[in-house]
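Quick note: residue numbers are just sequence positions, from 1.
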Amino acid sequence: MRHTNRPVGILFGLAVAATALTGLAAPTASAAVTRATAGCYGSSCNGKDPVDMGCNTDAYTVESAYSAKGTIELRYSPSCRSNWARISGTSVGQNFWVQNTNGNIHGWIATGPTGFGNMVNGSVEARACIDNWDQPICTGWH
């Protein structure tokens, strides 16, 4: 008996598989912030809250530094091109700040065990610091 429908069946199976793969590869809606939807960009972010501006959505930690008084992180948002400091494992009253090489600096006093401060322009290098008795502990310049 001759099977003439086999190539058709294989082609049909390949077509179904291709359709399924195309459906899986289709772009999906994303909640990520883009430069067009961010509330600020670069120097216009100086002094602004990263959450209020939507910059926290795509942010990541560039570097962390550790001290007996807590952990300080330098955060960066590509869509906002901005940096800010985030602190954890600290106590109320702990001083921390972010600064960039343009001379922008924003300091904060922790109101709990975690917190973050306002942003600086991320188009130039920045670092985050925590007050550690007489010597600040800082991330590197990034």
Side-chain angles (χ1 to χ4, degrees), residues 3-142:
H3 296 282
T4 57
N5 64 347
R6 183 169 231 176
V8 173
I10 291 171
L11 289 175
F12 178 75
L14 290 173
V16 169
T19 302
L21 289 175
T22 303
L24 291 174
T28 58
S30 174
V33 68
T34 64
R35 183 175 172 192
T37 60
C40 62
Y41 186 77
S43 62
S44 70
C45 292
N46 280 328
K48 294 184 178 165
D49 184 305
V51 174
D52 290 348
M53 296 292 108
C55 300
N56 63 316
T57 305
D58 68 342
Y60 61 90
T61 299
V62 177
E63 184 183 346
S64 299
Y66 307 95
S67 83
K69 291 190 171 192
T71 301
I72 189 74
E73 298 173 47
L74 178 65
R75 302 283 291 164
Y76 179 74
S77 166
S79 61
C80 295
R81 203 166 186 181
S82 62
N83 292 100
W84 63 92
R86 182 168 71 179
I87 195 170
S88 60
T90 193
S91 57
V92 173
Q94 180 61 51
N95 294 317
F96 65 102
W97 62 94
V98 64
Q99 64 188 106
N100 66 18
T101 55
N102 278 353
N104 303 113
I105 184 168
H106 294 289
W108 289 90
I109 298 174
T111 58
T114 63
F116 63 92
N118 286 350
M119 299 180 283
V120 296
N121 182 357
S123 301
V124 296
E125 290 188 323
R127 70 179 185 171
C129 301
I130 182 171
D131 187 20
N132 192 52
W133 293 287
D134 61 344
Q135 179 83 21
I137 300 294
C138 300
T139 65
W141 290 97
H142 298 275

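Contact check for Thr61 versus Arg86: side-chain heavy atoms found under the 4.5 Å cut-off. Using a 4.5 Å heavy-atom cutoff, the side chains of Met119 and Cys40 are in contact. Between Glu73 and Thr139 the shortest side-chain heavy-atom distance does not fall below 4.5 Å.
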Donor-acceptor list for residues 42-51 side chains, cut-off 3.5 Å, not counting sequence neighbours:
{"residue": "Ser44", "atom": "OG", "partner": "Tyr41", "partner atom": "N", "Å": "2.8"}
{"residue": "Ser44", "atom": "OG", "partner": "Tyr41", "partner atom": "O", "Å": "2.9"}
{"residue": "Asn46", "atom": "OD1", "partner": "Asn121", "partner atom": "N", "Å": "2.7"}
{"residue": "Asn46", "atom": "ND2", "partner": "Ser43", "partner atom": "O", "Å": "3.3"}
{"residue": "Lys48", "atom": "NZ", "partner": "Ser44", "partner atom": "O", "Å": "3.0"}
{"residue": "Asp49", "atom": "OD1", "partner": "Val51", "partner atom": "N", "Å": "2.7"}
{"residue": "Asp49", "atom": "OD1", "partner": "Asp52", "partner atom": "N", "Å": "3.1"}

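Residues Ala68 and Asn132 approach most closely at N-OD1, 4.1 Å, considering heavy atoms. Shown here for Tyr76 and Arg81, the closest heavy-atom pair between the two residues is OH-CG, 3.5 Å. The two atoms that bring Asp58 and Ser77 nearest to each other are OD1-OG, 2.8 Å, heavy atoms only. Nearest heavy atoms, Ala126 versus Leu74: O-CD2, 3.4 Å.
Checking side-chain atoms of Asp131 against main-chain N and O of Phe96 turns up no donor-acceptor pair under 3.5 Å. At least one donor-acceptor pair closer than 3.5 Å links the side chain of Glu63 to the backbone N or O of Gly140.
Here the CD1 atom belonging to Ile87 is positioned 8.5 Å from the CG atom belonging to Asn95, to the nearest 0.5 angstrom. Atom CD1 of Ile72 is separated from atom OG1 of Thr90 by 8.5 Å, given to the nearest 0.5 angstrom. Arg127 contributes atom CZ, which lies 11.0 Å from atom NE2 of His142 (distance to the nearest 0.5 angstrom). Considering NE2 of His106 and CH2 of Trp97, their distance stands at 14.5 Å, rounded to 0.5 Å.
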Trace of the side chain to side chain contact (heavy atoms under 4.5 Å, CB included) decision for Trp108 with Val98: CA-CA 9 Å; Trp108 289 90; Val98 64; over 6 Å; no

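Among residues at least two apart or in separate chains, disulfide (SG to SG under 2.5 Å) pairs with a member in residues 110-142 are Cys129-Cys138.
None of Ser82, Ser79, Pro78 except one satisfies the side-chain contact (heavy atoms from CB on, under 4.5 Å) rule with Cys55; the exception is Ser82.
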